Amino acid sequence: MSVPTIFDISKEGRGSFRLPRLDVPNTCNGLPENLRRQNTPTLPQVSELDVVRHYTKLSTMAFGVDNGFYPLGSCTMKYNPKVNEQVASLSGFTDIHPLQDASTVQGCLGVMHDLLKQLCAVTGMDWGTLQPCAGAHGEYTGLKIIRSYFLEKGDVTRTKILVPESAHGTNPASAAVNGFEVVQVMADKRGLVDLDDLKSKLGPDVAGIMLTNPSTLGLFEQDILEIASLVHGAGGLLYYDGANLNAILGKARPGDMGFDVVHLNLHKTFSTPHGGGGPGSGPVMVKKALCAFLPKPDVVENANGDYSFDWGCKSSIGKVSTFWGNFLVFLKAYAFILAMGGEGLKECGENAVLNANYILARLKGMYDVPYGDRCMHEFVMSLSRLKEETGVTAIDVAKGLLDRGYHPPTMYFPMIVHEALMIEPTESESKETLDDFCDAMIELHDIAYKDAQSLRNAPEHTVIGRVDEVMAAKNPVVHQ
Amino acid sequence: MNPYITHTSEDQKLMLKAIGVESIEELFECIPDKVLLKEPVQVGQWMSEHEVVEHIEALAERNVKGVSFLGEGSYDHIIPAAVKAITALPSFVTAYTPYQPEISQGVLQGIFEYQSMICSLTGMDVSNASLYDGASAAAEAAALGISNRRKSNEIVVSSTMHPFAISCVETWAKGRGHVVNVVPEKDGQTDLCAVNDVLNPATAIVIVQSPNKYGIIEDYTGLADKVHDAGALLAIEADPLSLALQKSQAEWGADIAIGDTQVFGIPMGFGGPYCGYMAVKQPLMRKIPGRIVGRTVDTHGDTCYVLTLQAREQHIKRERATSNICSNEALMALASAVHLSLLGWNGVREVAEQCYSKSHYLADGLSRIDGISLAYDKPFWCEFSLRFDDPSKLDGLVAKLLEHDVFAGVKLSEMTRDEKDEGILVVAVTEKRTKQQMDFYIETARRFMA
C-alpha cells in the first residue's frame, strides 16, 4: 500500500499559513534583478489539516521504541523517557539564541557544565566537549585530537590506527577521514583482541587503537589492562568507542581501563531518542594530557560561580559544528542522569546485561552462538547452519519478526560472524517481552524447517512487502 | 523503584536461574576486578520525575528570552504549531534509522519529501537525508571536493563565510596535508578575482556563502565558469530561506548546495540540533555523503521507499569511505519538510519578503544616526552589518539594549577574533520582529549615540 506524497495532494491556490500583517513599508523589490531567483520551486500547496493528516498517516507507518521491542544490536534502543522531551521543550531553552550574551544564558551553560562533569564521573575521564552531533562525529573529533596531540609533539610518524576486524564501519571510516592508515587487528578464538597480533602491529608508526568494550560481539575485552599497557608502552593512545557503554554503565569506566579518549552516544546510553536517524549527540571525553586539544570553545565555571565560554585554547583542533552541539539533546541526557543517579545508572548496566544473557540462555540451544555462552549487553548468533539446512537466512528470520510485531536485530554485522543477528534488548524490557520475543524466535526456527518458503515470503502483515533494493540503486529516483 | 526498569526482584531471580548464575555480579566476572567499580559513580542520588522537572525548569529560568536581532547562522523565525505537534509523534521520535523499510515507510517517505523540497529550492538533482548542520556541511563539501579530484589538496574558501564554517573546514583539513586557502574579500564580498588567482590544478573545490557573514547577497557572475575551467567544484552555502529571493545555487551554476534548514521549523535551541543540507548535481550522485532515500517498488509492485546508493557509505566502504557520517538529523529534516508544507511557496516567499522589508526598515533607521553607518553598501535581505565609528560605542549600545532584554546583534569580532572586525555589528531582522520593537531599537540608539 502506498501513500500519495505531500506533493501529490497539492492543489494550486491552496494554503493555510498566515503571517502577521507587514507593519513597515514593503521594499522587497529592492534586490537587484541579476541577484534575483528566476525559477519558481515546487512546494506543496496544502491546508494545515492536509499536512497534519498526511504526516500523522506517515507516522503510523513508522516503528519506534514506543511501538514495540527493538533489539537492534549496538544501537541501544532503550526507552526514551517522556520527561526528557518535556524539559527539552521548555521555551527557556528552545527560544535561546546561541550567540546571546553569556549573562543571559547561564542556565544553558550550567547544563553543559554539569553534564560534562557527570560524563566525567561516568567515564572516568578528566574533561570533554559536547560539540560533536553524533557518534561518528565524536569519532572524527576524538581522532582529530589524537592526531593533533602527536603533531604538536612533533611526532609525525604515527600515521596508523589499529581497529579490530569486528569494529563498526564508522571506526575505520573515521580514521581514514582523519588521514590515518587503518590496520586491522585480528580476533583470537575467544573473539577478543589477539594479543600476539596486536604486539606484532604496535610500533612507532601507530597512533592508537580504537576499541568498543564490550566488543560488537558483546564480549568484554578481558585483557584490556594488558592491551592498554602494550599500546601505551609503544607510545600509542587508546580510543574508546562508546557505542556499547550501556553494558558497563555504572559498573566500570573506560578511564580506569586506560583509555585516553572516549566518545559517548547520548542517543544510545543516555536515553535520548534517535528520531528516525538523528539528532544524536556524541560528546568526547579525554584525559588531562589531551584537554588542550578539545574543540573550542570550552565551557568554564568562573570564580564567582558564573559560567562562560573560553575561546583561549591555543592547541584546540578548532570547531567541529556550527555552534555548541545538539543542546536540546544534552537536556534529555541530563534529565536521564539526574533521574537515575549513580545507583540507577548501575541498575541500567546490570539489567541490560541480565536481559541479554536471559535471551541468550533461552535461544542458545536452538540457534548457534559462536562466541561463548555468556555475554554482556548483546550477543551475536549465526544462522549459517540454519541456512545450510533449510535455506532460510538471517534476513528471512528478520522479516519473520516484522510480521510478529518486532523490530529485528541488527543483521549481517559484525562481519566476522556469518548470517549474523545481533541482539541487544537493553534494560528497559520486561521478562514478559523477552519471553514473547524468544517464543517468536523459536517459532521462526520451527517454521524454517517446516515451511521455509513462507519465511522467504515474509513479511506479509506489514504495509509493504520486501523491497526491490536493486532497482532503487540502479535507477535512482531520489526526489519527486 | 527505578522508573525505567521493569523487573520485579522475582523476575530477576527467575532470569538468573534460567541463565544458571546465582547473582547479577556473576555476569560481570569477565571484567577485571581492578576496574570493577565498588561504589556508584559520582553523579548524585536519583531524583523523582517532579524534582528533575523543577531542577531543570529553574535552570531554564536563569536564561533570558529577549527580543532578538541575533543571526549568524541561527534565526528567530515563526514556527507553526503543527510542526512541533507532528515532530513530537512518538513513532517518529523513537524510531531508529530506517534500516527495515517494511516498517519504516513513514520515516522514509518523510525524508524523500524533504529531499524533494531541498532539490526544488536549490535546483539541484540529488539531496541527502541531512547532515549535522551548516558549518559541518561545509567540511563535508570540502571532503567531497578532495575525493572528486585526483591529487588535489587545496580547498578554497571565502573569508566572507560564516567564521565557524571556515573553522570547521580548517579543522577537517588539519593534520591531513590539505591546504585551506581563505581568499580575501573586497567591499564585503568574496573577491572573485582573488579566487581566480588562487585556482590551480591542486584546487579541489571553492566554497562561498551568500548571504555571507555580513548578511550581504553576493554576486557570483562568472564564478562557476572560472572554477569549472580550472577543474574544481563550486559549492555555495546559502540560508535556504534566502533562496526564495536570491538566485539558487543551480542558477549560479554550482555543483554543490549546502546550508542549514534551521530557518524552516527548527527552534534556536541554543545552537542545536539543527539540520545541515547538502544537494548536488547528477554527476556527484554517487559521491555525496550521508544517507539517501530512493523510490522503488515492493514485491507486489507497489511504490515504496528505501535507503539507497549505500555503496557510498561507511558501513560498506569502511576505510575507503570519504565520509564517516552515520547518524544525521532526520527528525529535524522532517520538521523542515512539515514547515515547508505548511508554508508552501507563497508562504516561504512572503516570509523572505517580510524579512527583507523589515531588515531594510531597521537598517535605514539605524544608519541615519551619527556614528553608525552600513558597513557596506551592498544588497542584503534579512541581516546587515553596521559599522560604529567608535567601537566602544558599539559595546555601550549593546549593553544599553541588553538592559531592556533586547539583543542588538552579533559583534562580529567576537566570532572572528579579528581586530579589523571591531566596530562591526551584524543585525538580523526576521518576520517575527515588529515595527514597535525596531522603533525602540532606533530610538534607544539615537539617544545613546547623541
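Chain identifiers are assigned alphabetically (A, B, ...) following the order of the sequence lines, protein sequences preceding nucleic acid strands; residue numbering begins at 1 within each chain. Being a predicted model, the structure only gives us computed values, none of them experimental. All heavy atoms count here, side chains included; hydrogens, waters and symmetry mates do not.
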Just by modelled atom types, is the [Y] backbone N or O under 3.5 Å from a matching donor or acceptor in the [X] side chain?
X        : Y        : value
B:Thr171 : A:Lys319 : yes
A:Asp23  : B:Lys435 : yes
B:Thr296 : A:Met471 : no
B:Asn63  : A:Ile96  : no
A:Tyr70  : B:Tyr96  : yes
A:Arg147 : B:Gly175 : yes
B:Glu251 : A:Gln38  : yes
A:Arg362 : B:Ala18  : no
B:Gln115 : A:Val478 : yes

Using 4.0 Å as the upper bound for N to carboxylate O, is an ion pair formed by B:Glu102 and A:Arg466?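 Here A:Arg466 does not pair with B:Glu102 in a salt bridge, since their nearest N and O are not under 4.0 Å apart.
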Region of [X] in contact with chain A, defined by heavy-atom distances below 4.5 Å:
X        : result
B:Leu89  : side chain
B:Ile86  : side chain
B:Glu353 : both
B:Arg417 : side chain
B:Gln45  : backbone
B:Ser341 : both
B:Val348 : side chain
B:Cys119 : side chain
B:Leu243 : both
B:Ser130 : neither
B:Ile103 : both
B:Leu343 : both

Ring pair (Phe, Tyr, Trp, His ring centres under 6.0 Å) partners for A:His479, two or more places apart: none
Determine whether A:His97 and B:Phe407 satisfy the following criterion, ring-ring contact (aromatic ring centres under 6.0 Å, His included), listing intermediate values before the conclusion. CA-CA 10 Å; A:His97 190 284; B:Phe407 309 143; 8.5 Å; no
Return yes if a side-chain donor-acceptor contact under 3.5 Å exists between A:Tyr55 and B:Gln109, otherwise no.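 Result is no, nothing qualifies.
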Among B:Gly294, B:Pro40, B:Ser120, which residue forms the greatest number of heavy-atom pairs with chain A at distances under 4.5 Å?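 Result: the option with the highest number of such pairs is B:Ser120.
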Angle between ring planes, B:His162 versus A:Phe323, binned at 30° and 60°: parallel, tilted or perpendicular? perpendicular
Under 6.0 Å between ring centres: does that hold for B:Phe164 and A:Trp311?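 Ring centres of A:Trp311 and B:Phe164 closer than 6.0 Å.
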For the rings on A:Tyr334 and B:His55, is their centre-to-centre separation under 6.0 Å? yes
Run the side-chain contact (heavy atoms from CB on, under 4.5 Å) test against B:Lys84 and tell me which residues pass, sequence neighbours left out.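 With sequence neighbours excluded, B:Lys84 shows a side-chain contact (heavy atoms from CB on, under 4.5 Å) to A:Ser89, given in chain and number order.
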